[in-house]
Amino acid sequence: MHVAIIMDGNGRWATRRGLPRTAGHVEGAKAVRTTVEAAARAGIQTLTLYAFSAANWERPRGEVDGLMFLFRRYLFAETRRCMDESIRLNVIGRRDRLDEKLLRAIEHSEQLTADGKRMHLRIAVDYSAQSSILEAARRSRRIPDVTAQDFRQLLDEADHSAQQTPDVDLLIRTGGEQRLSDFLLWECAYAELYFTERTWPDFQAADLAAALAEFRRRERRFGRLPGPTPAAAEDRPRSTREWLH
Ligand code: FPP
């Protein structure tokens, strides 16, 4: 099972308390730790967290620097724990605009956790689904008769993701907005969407459990009819013509 989360509402969480937005991101980083632990305990195989979109570079310099600092601190603090818990950590997104120190921290964490089997944790930094799809499309020109499966692999390559990441089963967005914000657009083709008003710093293990419980109640059809496929006799091609008369 692949769960992806758009962690929204850090700024509002802080503003409501009369705090600077960066304080919301600091609390948000704590919620990341709690959620990663809860997801591993729940048996989720892949967890992708949207930490910084390509569009987030447009935010004030102080906020961007604060976020980059938090990512690096998270990698330093959590790599050991990921190794202990057999969690493979991977940062997806563009790397060419990241600071040298953050890049080194990412590579270090990825190397040290590469053998993790229990859960694949992907943190999206400088990520844009449209850019990834464009990059995969450019790479696909070298493959004649490219298939959806080939394309999916090219997408993972473009994102610096480990190979063969499954498509998203459940997409959670906190903070009350109901949009995808350029996150995993290809991978979410058949994802179930779950929106909650809860701001990200307030997101707890119980909120993840509630989202998973709701997911289990959903009927996933992938474009098919509910229940068993109708017998050929009931599905005669002329029935449409009969209806038209
Ligand atoms: C969106 O909330 C959140 C972000 C742009 C940053 C997400 C970062 C974290 C959760 C903390 C650090 C992450 C890691 C992986 C250590 P917003 O600021 O847009 O909130 P708003 O909509 O209320 O303004």
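Indexing begins at 1, ligand by ligand and atom by atom, following the structure's order. As the structure is a computational prediction, the values presented were derived from the model and not from experiment.
Nearest to atom 9 (C) of ligand 1 among the protein's heavy atoms is N10 ND2, 3.5 Å. Scanning the protein heavy atoms around atom 3 (C) of ligand 1, the nearest turns out to be M7 O, 3.1 Å. Scanning the protein for heavy atoms near atom 6 (C) of ligand 1, the closest one is A51 O, 3.2 Å.
Of all the heavy atoms of N56, the ones lying under 4.0 Å from any atom of ligand 1 belong exclusively to the side chain. The residue L49 has no part lying near ligand 1, judged by heavy-atom distances below 4.0 Å. Here M68 has no heavy atoms under 4.0 Å from ligand 1, in either its backbone or its side chain. Contacts between F52 and ligand 1, counted as non-hydrogen atom pairs separated by less than 4.0 Å, are absent for every part of the residue.
In this structure, the side chain to side chain contact (heavy atoms under 4.5 Å, CB included) partners of S86, at least two apart in sequence or on a different chain, are K117, R118.
Between W186 and F151, the ring planes are tilted. Angles from 30° to 60° get that label.
With respect to the salt-bridge test (charged N to carboxylate O, under 4.0 angstrom), the residues K101 and D99 do not qualify. Ion pairing between R16 and E27 fails under the 4.0 Å rule for side-chain N and carboxylate O. Between R81 and E37, at least one side-chain nitrogen of the basic residue sits less than 4.0 Å from a carboxylate oxygen of the acidic one, meeting the salt-bridge criterion.
Taking every heavy atom of H25 and a limit of under 4.0 angstrom, the matching atoms of ligand 1 come to 4 (C), 6 (C), 11 (C), 18 (O).
Annotation: the span from C188 atom SG to L193 atom CG amounts to 7.0 Å, rounded to 0.5 Å.
E177 does not count as a contact of ligand 1, since none of its heavy atoms falls under 4.0 Å from the ligand.
When hydrophobic residues (I, L, V, M, F, W, Y) are linked wherever their side-chain heavy atoms come within less than 4.5 Å, the members clustered with V146 are I143, L154.
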